[in-house]
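For reference, the structure is listed below as C-alpha cells.
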Amino acid sequence: MAMSVSQLLIGCGESSSAASHILLLRYLNRALDSIKHDITQIFANIFCSKTKFDSNVRTCGDEDPPPPSFEHLMATMDERYQLRARDWYSKQKDYDDKRDPYAVFNVLDTMLKDSLERLKTMRQSISLPDVGFQECTLEVNYAKHVHLIRDLCLLRKVGAALWLRRKMIHKCVVPDVFTHNYLVNGLCKTGDLERADWLIREMVEMGPSPNRATFNTFIKGYCLSDNVDKALYVFSVMVNSDIRPNRVTCNILVHALCKKGLLEEAWKLLGEILEEEKDKESPDLITSTILMDGHFKNGEMVQALSLWDEMVQKNIQIDVVAYNVLIHGFCLSRQMKLAYRYFCEMLKRGLLPDVFTYNTLINGLCKDGKFEEASYIHGVMARIGVTPDPISYKIIIQGLCIYGNVGRAHNFLVCMLQKSIVPEPHIWNVIIDCYGRLGDPDSAFSIRDQMLAFGVLPNVFTFNALVHAQVKGGNIAYAYSLKKEMLLSGLYPDVVTYNMLIGAACNLGHMRLALQLHDEMLRQGYEPDMITYTELIRGHCLRGNMEVAEELFAKIQKTGLPIDHVPFQLLIKKYCKIGKFDMAYDLYQKWITRDQRDYHLHWA
DNA sequence: CGATCATCTA
C-alpha cells in the first residue's frame, strides 16, 4: 500500500497518525485562506479603480452601478479590506489625476503577480512531497528522501532537511556526500556557520567524508559572513586533511581578500596555491577578473590594466563579466570615453552587453551629471532587449536627486510604477529627502503617502528625511510629532533623528529641551557623536553659556572622537563676536597645530 | 568561483 502525503511530510515512512493528517489539513486550509484573501483584495481594488476610471472619462460615473459580482464581493469582504481599499482610493486623488488609472492597474498587476508567485510556491511545496507519494511503497525508497533533503536545502528550509537526515540515519541509512554538501550549503547560505561546522565534524567522524566541494562551500560561507580569517583557517584544515584545493577554492579566497582591499595578500595566496599546483602557471579568466576588479576598486589603474593586457596577450577568451569589470574601472576613474570604447569593442567581438554593462555606463554618466545621455542609454537598453532593472532606476533617480533635479527623479519613479516595478524604500526615501532638502515638505509627505499606498513600509531613513524636511521648514512641533509617529510604526529614532531634533532645539535656544533629548538618547543606548556635541556647543554659544560650551569642548577631546573643524570654527567665531580675541587666537593656534600634527602623522 | 547601486543630521 502506498504512503500518504502526510506520512511523507510528517511521519516519513513511519505509521501515520491522526495528528499528522490534521496538520496537513490545517496547512492546506491556511493556503486556501491566503489565496481567498488575495483574490478578495484584487476585486476590491478593481471595483474602486473602475468607478474612478469611469468618472475620469465620462461626466457622470454614478450611472452604472457595479456588476452584481462586484457587489457580492464587496459585501463578503471584511471591514479591514474595505478600509484599506478606501484609504487607497482617497490617497490617489490628490496625487496625479491624469496618471491615476494607470497607477491603479499597476497596483493590480503587482498584486496579481505577487499572488501568482505565492500560489506557485504553495503549489510547489504541496507537490514536492507529492512526488514521493507516487513511488513510495512499503519498501521505502530512500532516494526520495535524499531528493527531498536537497529540495528543502535549496528552499532554505535547512531545519526540516536536517531533521529528515536524522530520520534516515536512525534507519541506518546515511545520505551520500552530495546530499551532505547541499545541507552544508543551505546552512552557509542562511548564515548558520556553527551548525555547518558541527555537520562537517560529524561527517568526519561518521561519514561520509567531506570532499573538496564540502570545504569550498564551507570556506565560501565564512567569506560571505565576512570572516576571512576563519575561511583561511578552514583552508589550512583542508590542506592538512589531504584534500587538494582547486581553482574554485583559490578564487573564493582571492575574491574575499580583494573585497577587503587586501590585494597584496590575495596575490601572495594565489602565488602559494599556484606553486602547489605546478601544472598551471598563471591565473585563469575568473581569477584575473577578480584581481582586476580589486585593483580598480583600490584605485590601482596600472595593475588592473596590466592584468587586462596579460589576458589579451595570452589570447584568453574574455567574457562579458571581464568587460564589465574593465568598463566599470574606467567609469570609476571618470574616463567615459574609454568606457565607451570598450563597450564598442565587446559588441564587435560578438559579446552582448547585459544589464550590468548598461547600469555601469548609466552610473558613470550620472556621476558626471550627464542625465540626457544617461536617460538615452536607459531608453536604448530596453529597445535592445535588456530590460532596465530596479538598479537602473535607482542609479538615475539617485543621481538626479543629488543634482537637485527632483522633478525628473519623480518622473522616473512614475515610470517604474507604470511598469509595475514597486520600488524598495530606498528609492522613495531619496526622493522624499530631496523634496525636503529643497524646502518642499508638502511634496515630501505626498511621496510618503504614495509609498504607503503602494504597500511599501517606511523605515528610519524615511522618517529622518521627513524630520529633516520639517526642521528645515521651521516646523519644529511637527518634527517632534514625527518621533512619536515613528514609535507607533514600530521604528526607533536613531542618532541622526536625535541630532536633528537636538539641533532644532539648540537653534531656537531651547537648551533644556535639547538636554532632555540628549538624556533620552543616552537612555535609549545611543552614544552621542561629533554632530550631537557640535549642536549642543552651538546652542550654548547662542545662549552665551561659554563656560558650558568650553566644558563640552573639553569633554569631546577626552572622548577620543575625531574632532573636525566645525566646533573650532563655532567657538572661534563666538569669541570674536564677544571681543575675546585672545581666546579666539588661542583656539586658532590649537586648531592649526593639531592639524599640522595630524598632517605629519598622516605622511609619516 | 568573478561584475552594476549602497540614502539621512552640524
Side-chain angles (χ1 to χ4, degrees), chain A residues 213 216-217 219-220 223-224 245-256 258-259 283-294 296-297 318-329 331-332 339 353-364 366-367 381 386 388-399 401-402 424-434 436-437 459-469 471-472 479 493-504 506-507 528-539 541 564-567 569-570:
Chain A
N216 284 349
T217 310
I219 290 172
K220 173 92 186 163
C223 292
L224 282 176
N246 60 2
R247 281 279 160 188
V248 178
T249 328
C250 170
N251 288 340
I252 291 169
L253 288 167
V254 168
H255 183 224
C258 283
K259 221 170 161 185
D284 68 355
L285 172 66
I286 291 178
T287 322
S288 299
T289 308
I290 296 167
L291 287 164
M292 187 169 70
D293 189 44
F296 273 131
K297 284 173 178 160
I318 298 173
D319 65 3
V320 177
V321 179
Y323 266 104
N324 286 347
V325 167
L326 180 73
I327 291 171
H328 181 240
C331 286
L332 273 180
D354 60 10
V355 71
F356 286 84
T357 327
Y358 287 105
N359 286 351
T360 303
L361 285 175
I362 292 175
N363 189 41
C366 285
K367 289 272 145 65
M381 65 190 281
V386 183
D389 66 357
I391 292 180
S392 323
Y393 286 95
K394 179 151 75 182
I395 291 166
I396 297 194
I397 289 175
Q398 182 135 303
C401 284
I402 287 170
E424 50 163 344
H426 180 110
I427 292 185
W428 300 90
N429 294 347
V430 166
I431 296 177
I432 292 171
D433 183 69
C434 192
R437 216 169 269 284
N459 57 22
V460 182
F461 286 101
T462 322
F463 276 97
N464 285 347
L466 293 170
V467 169
H468 188 219
V471 165
K472 200 177 151 66
D494 64 2
V495 182
V496 177
T497 325
Y498 279 110
N499 285 349
M500 286 189 289
L501 294 175
I502 290 171
C506 287
N507 274 333
D529 62 6
M530 193 41 61
I531 296 181
T532 325
Y533 288 120
T534 310
E535 291 291 8
L536 288 170
I537 290 175
R538 180 198 311 283
C541 286
D564 57 22
H565 63 285
V566 188
Q569 278 181 352
L570 262 170

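The chains referred to below are lettered A, B, ... by the order of the sequence lines, with proteins before strands, and numbering in each begins at 1.
Nucleotide B:dA6 holds its C1' atom 9 Å from the CD atom of A:E424, rounded to whole Å. For A:M292 and B:dT4, the CE to P distance is 12 Å, given to the nearest whole Å. Summarising the geometry, the separation between CD1 on A:I395 and P on B:dT7 is reported as 13 Å, rounded to the nearest angstrom. Distance A:D354 CG to B:dG2 C1': 13 Å, rounded to the nearest Å. With rounding to whole Å, A:I397 atom CD1 is found 12 Å from B:dA6 atom P. Nucleotide B:dC5 holds its P atom 7 Å from the CG atom of A:L332, rounded to whole Å. For the pair A:I402 CD1 and B:dT7 P, the computed distance is 10 Å after rounding to whole Å. Taking atom CZ of A:F463 as the reference point, atom C1' of B:dT9 lies 17 Å away to the nearest angstrom.
OP1 or OP2 of B:dT4 lies within a sub-4.0 Å distance of a side-chain N or O belonging to A:K297. Within the 4.0 Å cut-off from OP1 or OP2 of B:dC8, not a single side-chain nitrogen or oxygen of A:K472 is found. A close approach under 4.0 Å does occur between a side-chain nitrogen or oxygen of A:H255 and OP1 or OP2 of B:dA3. Look at A:R437 and you'll find a side-chain N or O under 4.0 angstrom from OP1 or OP2 of B:dT9.
Tested against A:N464 for a side chain to side chain donor-acceptor pair (under 3.5 Å), the candidates A:T497, A:D433, A:N429, A:N459 yield a single pass: A:T497.
B:dT7 has A:F461 stacked on its base ring, the centres lying under 5.5 angstrom apart and the planes within 30 degrees of parallel.
Proximity of a side-chain donor or acceptor of A:D354 to a complementary backbone N or O of A:T357 within less than 3.5 Å is detected.
For A:I290, taking side-chain heavy atoms from C-beta onward, the closest of the listed nucleotides B:dA6, B:dT4, B:dG2 is B:dG2. The side chain of A:I286 lies closest to B:dC1 when the candidates are B:dA3, B:dT7, B:dC1. Considering only the side chain of A:N363, B:dT4 comes nearest among B:dT7, B:dT4, B:dA10. Looking at the side chain of A:I531, the nearest of the listed nucleotides B:dT7, B:dT9, B:dC1 is B:dT9. Distances from the side chain of A:V496 to the nucleotides B:dA3, B:dT4, B:dT9 place B:dT9 closest.
Contacts of A:L285 with the nucleic acid, taken as non-hydrogen atoms under 4.0 Å apart, include base atoms. At a threshold of 4.0 angstrom between heavy atoms, the contacts of A:T360 are confined to the sugar-phosphate backbone, with no base atom among them. Within 4.0 Å (heavy atoms only), A:K367 reaches sugar-phosphate atoms of the nucleic acid but no base atom. Looking at heavy-atom distances under 4.0 Å, A:D433 makes contact with sugar-phosphate atoms alone, never a base. Note on A:H328: only backbone sugar-phosphate atoms sit closer than 4.0 angstrom, heavy atoms only; bases stay farther off. Nucleic acid contact for A:V325: sugar-phosphate only, since backbone atoms but no base atoms lie under 4.0 Å from a heavy atom of the residue.
On a pure distance criterion of 3.5 Å, a polar donor-acceptor pair joins the side chain of A:D319 and the base of B:dG2.
At a cut-off of 3.5 Å, with distance as the only test, no side-chain donor of A:K220 or A:N216 sits close to an acceptor on the other residue. A:T360 and A:N363 are not linked by any side-chain donor-acceptor pair at a separation below 3.5 angstrom, with hydrogens and angles left out of the test.
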